[in-house]
Structure formats: C-alpha cells, structure tokens
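What follows is one structure encoded as structure tokens, with my remarks underneath.
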Amino acid sequence: MEKSPHDASILNDPDHWRARDLAVLWHPCTQMREHHVAQGPDTLPLLPVARGDGAWLIGHDGSRTLDAVSSWWTNLHGHAEPRIADAIAQQARTLEQVILAGCSHPPAVELAERLLALAPRQAGRAPLSKVFYADNGSAGVEVALKMAFHWFRNRGDEPRRTKFVALENGYHGETIGALSVGDIPLYRRVYAPLLTEALFAPSPDAYLARGGQSAAACAEDAADALARLLDEHAGEICALILEPRVQCAGGMRMHDPVYLKRARELCDVHGIFLIADEIAVGFGRTGTLFASEQSGVMPDLLCLSKGLTGGFLPLAAVLATQTLYDGFLDDSRERAFLHSHSYTGNPLACAAALASLDIFESDDVLARNQRTAARMAALAAPLAQLPHVADVRQAGMIVAFELTRDGDKHTPFDPALRIGLRAYRAALARGVLLRPLGDILYWMPPYCIDDAQLALLAQTTQDAIREAVACA
Ligand SMILES: *Cc1c(COP(=O)(O)O)cnc(C)c1O
C-alpha cells in the first residue's frame, strides 16, 4: 500500500523534501542544473532544513549541520533565538503591519531612536538624525543612491550631478541600481546593458598589495587613486558608496581602516555624500558595532540590513544626516522623497530588530565576540600552514581562507576544477555549512557559536580543504 504523503517516515526523509523542492523551487544565486545533476564536480547537494537551534541547522532526520555562514550573513544570535521569536509573536498579536505613509507605530519610532543613538559619530559633524526604512539590503542601497542624487537636484545644481563612485570588487545588491554600483563580474556582466554608468575607484584590498607593501600603504595608494578620479569628474558626482573594512561578496577582501578616513576627507573636499554600506559588516561583524567606527568616521548615509533583525526578518534602515533630510523639505511634492515599499517599517521586523539590540546589551555581545574572535584566530592559524592556503585574514567575526594552486597569491586554481564547490560538499558531508565565494572559504558564524562548535568548524575546514585540493 502506498504511504500517505503525511506519513511521518516520509516527512522525516530528507530525500522526500529534496524531490518536492526541486519540483517547484527556483533557488537564489544558483545554477539549478547543479542541483539536478547527481554526480560530478558540478554537483550541488541540497540541504533540507527542518528547524534551527543556535548555530545548528537541524534536518528532518535529526542530523545537525553547523551554520558557519550565518545563513548569508544575516543571523547574529542563533537560529530560532527565543527572545526574538517571542518579540515577533507578541508584536504579531498587537500590530502586524500598518501603512507607514501617514501612520506611525511604536516599534518603528523606537528602533529609529535606538539606531541613531548607536550610529557612528565623528567630532565636528552633526550626527545622523533620520531613519528611512526599506525591506531588504538592495532596496536600502537604492534609497541611499536616490536620496543623494535627488538632494543635489533639489538644490538646483547645474550641470546636474548624476554619477556615483563605487569601488572595484564592491557589492551592493542585485536590483538594477544596486548592481550598477557593484563590480563583481559574475553578477554584473550579463545585465551590463541595463545598468547606469558608475565610476569605479581601485579597491583598497590589502590582499592585492604588491610584495612587501603594508595594508595601510595599499589603502593610501587606493585613496590617492580615488582622489584623482574625484578630481577628474569634479561636479559630476553625487556620492561615493563603499563597504567599510570588508568587501564581503567580493571574497571577504579586507582593507585598512585608513581608507575610509581618507575617503571621508575626499568626499568633504568635493562636497559629495559618503554612503557606507554596512549591510554585511554592521552589527558587530568586524569587532565594533559598526565598521565605520574603526576609521573614526561618520558617513552621510548609512545602509543597514541583514543582521539588523538578528537574521529573523527582512528589513533595511537608511540613516541620513539632517542636511540630507532638510534638502527635501519644500512646498513641492516633487522635491519630496516619494520612494516607498509596501512593507516600509514593518512592525514585526522592527520588533525583531529591537529584541536583537536588547540581546547586544543583556548578553554583552561585543565583549563576548572579542573572545570568540580570538579563539577563531587561534584555530585559523594552523590552517595557514596548509600547502594550498595562500592567505588567512580576519576582521573580528570574519575569517577567510584563500585557496590557490601553489599556495601563493598569483596561482589561482583553474575555475573548472570547482575547488570551492568541492570544499562545500566535503564540509557538508561532515556536518558544516560553508559556502565558499569561488575558492575563498570563510567563517562568518552566528555570534553564539561555542568552543566545541568552533573546534568542529576548524577541523572540518582543514579536512574539506584537503579533500577539495586532492583533485588538483
Ligand atoms: C547582501 C548585501 C547587500 C544586499 O542586501 P540584500 O538584502 O541581499 O538585497 C548590499 N550590500 C552588501 C554589502 C551586502 O553584503
């Protein structure tokens, strides 16, 4: 007799979920064929997840997988964190959603107050003083770009400033505007004919530093190049957008904080806005609550998302200066910022964000992260000795391992070998979810990760690297 589709033995079978999933879902950032091919170097196994518990993802059969990438860098305090779950449940019974044009609600107000109080400050500058909500990181970037452009237009600048400067190897999201200021060919190239033209300044990335050059010197050189670019296009530019400290999607490439300091000065010289995209690096990821703090710099626009809600719900916040805000106050509705998303400032998402901020305080998360980051450094150090590891670098709760053919920076593996994907499969088979960026492996775990889980992560990474490079 055929089993009912609700039979527990079927529902607890991961293969059941794999088949049902692949029959109907189109997954993000995935060549779906890799899920459909059962064998070979391009095979991408699908991991069905039934529930989460702290840093663990738990399968339908009870198997545990360590989430070493915080589910695309969103999760901070662990999966299914009860304090955030409770806050969302309570908010859902109180007010689930209300139009934010013309209406107000406490979670949106309170979250704005708290974010502004926590935001980076800089002596001699008026602090960030207004919050505009959007509902995902890319949308937040669109908001910041449009605000910067529109501000100059409202001021009546002629000829109009229409250009943005962004950094090579930067990433700001997938919508057309955000993709226009991104520089990762894999995501960008196909859509290039649709994109607006941006100017790209060299990345301050220290990995690319020429032999013997320090990370700071490398950042200074890149800042000099930025200065030249801004001079060349004086009067055409509205804003510089960048990811402070770490270009995450660009391969966890890290740069010296002096770059942001120089960039801030250059933006001031040219009277253009500085947009800090802290969507990935915000909320303690690089050691400080915001990465900009390490440069002693305050941006004019600060984009936050991903960890904002502790990884529970999509939400973005764009923090702006009073100068920006005042540029839109006018009799004309055309001079208003008419951008909107249906779910702007969703109360559930704001409640989750507030609960996450409470946890930062009650658990003293930043102090605990310092200890965790030190432990990660100690565990990562031996991996630097492996013959194919060209670089191990760290910024707070991010550690990256760059794999190359000969273990030096100039001999990348043949991409057809799919070394990163091989490492992915090897780690997954050992109960760890790594999701390499090309041949760059990284740790970006939930902050609640404990010593035993870190030890598993380090051992598995070592095993996965060994297994992956064995084909080369
Ligand atoms: C992920 C990311 C974005 C886009 O956020 P989404 O919510 O995925 O649209 C933008 N900027 C940076 C730096 C990111 O890492």
Side-chain angles (χ1 to χ4, degrees), residues 27-30 69-76 120 132-148 164-184 186-188 191 195 198 200 203-205 239-255 259-260 263 274-286 290-292 294 299 301-319 339 341 343-346 349 352-353 356 395-398 400 435-438 440 442 444:
H27 288 262
C29 204
T30 298
V69 296
S70 295
S71 283
W72 254 345
W73 324 337
T74 60
N75 191 282
L76 301 188
F132 193 99
Y133 291 115
D135 45 20
N136 64 74
S138 304
V141 167
E142 301 281 346
V143 164
L145 295 175
K146 284 174 70 178
M147 273 181 180
F164 296 103
V165 176
L167 301 190
E168 288 173 0
N169 196 45
Y171 178 82
H172 301 287
E174 298 294 342
T175 52
I176 301 289
L179 207 52
S180 296
V181 289
D183 181 46
I184 298 182
L186 183 62
Y187 306 140
R188 179 189 169 93
Y191 303 104
L195 305 181
F200 290 96
S203 171
D205 178 2
L240 166 68
I241 182 166
L242 49 72
E243 299 158 271
R245 192 71 183 85
V246 187
Q247 294 187 311
C248 293
M252 300 297 161
R253 292 284 176 83
M254 300 171 186
H255 60 259
Y259 184 79
L260 186 62
L274 173 63
I275 304 172
D277 178 350
E278 294 222 19
I279 290 167
V281 295
F283 298 103
R285 203 41 94 170
T286 70
F290 298 108
S292 302
Q294 294 171 35
L301 289 157
L302 176 65
C303 299
L304 303 173
S305 188
K306 290 205 167 107
L308 172 57
T309 61
F312 271 65
L313 286 165
L315 178 70
V318 180
L319 278 59
H339 188 103
H341 296 289
Y343 282 93
T344 301
N346 173 254
S356 173
M397 294 293 289
I398 308 173
R435 198 169 188 278
L437 295 155
I440 300 162
Y442 66 90
M444 198 157 166

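These numbers come from a predicted model, not from an experiment. Indexing begins at 1, ligand by ligand and atom by atom, following the structure's order.
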What distance separates Ser70 OG from Asn75 CG, expressed to the nearest 0.5 Å? 5.5 Å
Who pairs with Arg285 by salt bridge (charged side-chain N to carboxylate O under 4.0 Å, His left out), at least two apart in sequence or on another chain? none
Check Tyr343 against Asp135 and note the closest heavy-atom contact, atom names and distance. CB-OD2, 4.0 Å
Please check if the distance between the ring centroids of Phe283 and Phe290 is under 6.0 Å. yes
Do any side-chain atoms of residues 301-308 form donor-acceptor pairs under 3.5 angstrom with protein atoms, and if so which ones, sequence neighbours left out?
unit_1, atom_1, unit_2, atom_2, d
Ser305, OG, Gly137, N, 3.3
Ser305, OG, Leu315, O, 2.7

Name the residues with a heavy atom less than 4.0 Å from ligand 1? Trp73, Asn136, Gly137, Ser138, Tyr171, His172, Gly173, Glu243, Asp277, Ile279, Ala280, Lys306
According to the side-chain hydrogen bond (donor to acceptor under 3.5 Å, both in side chains) rule, which pairs have a member within residues 138-147, sequence neighbours left out? Glu142-Thr175, Lys146-His339
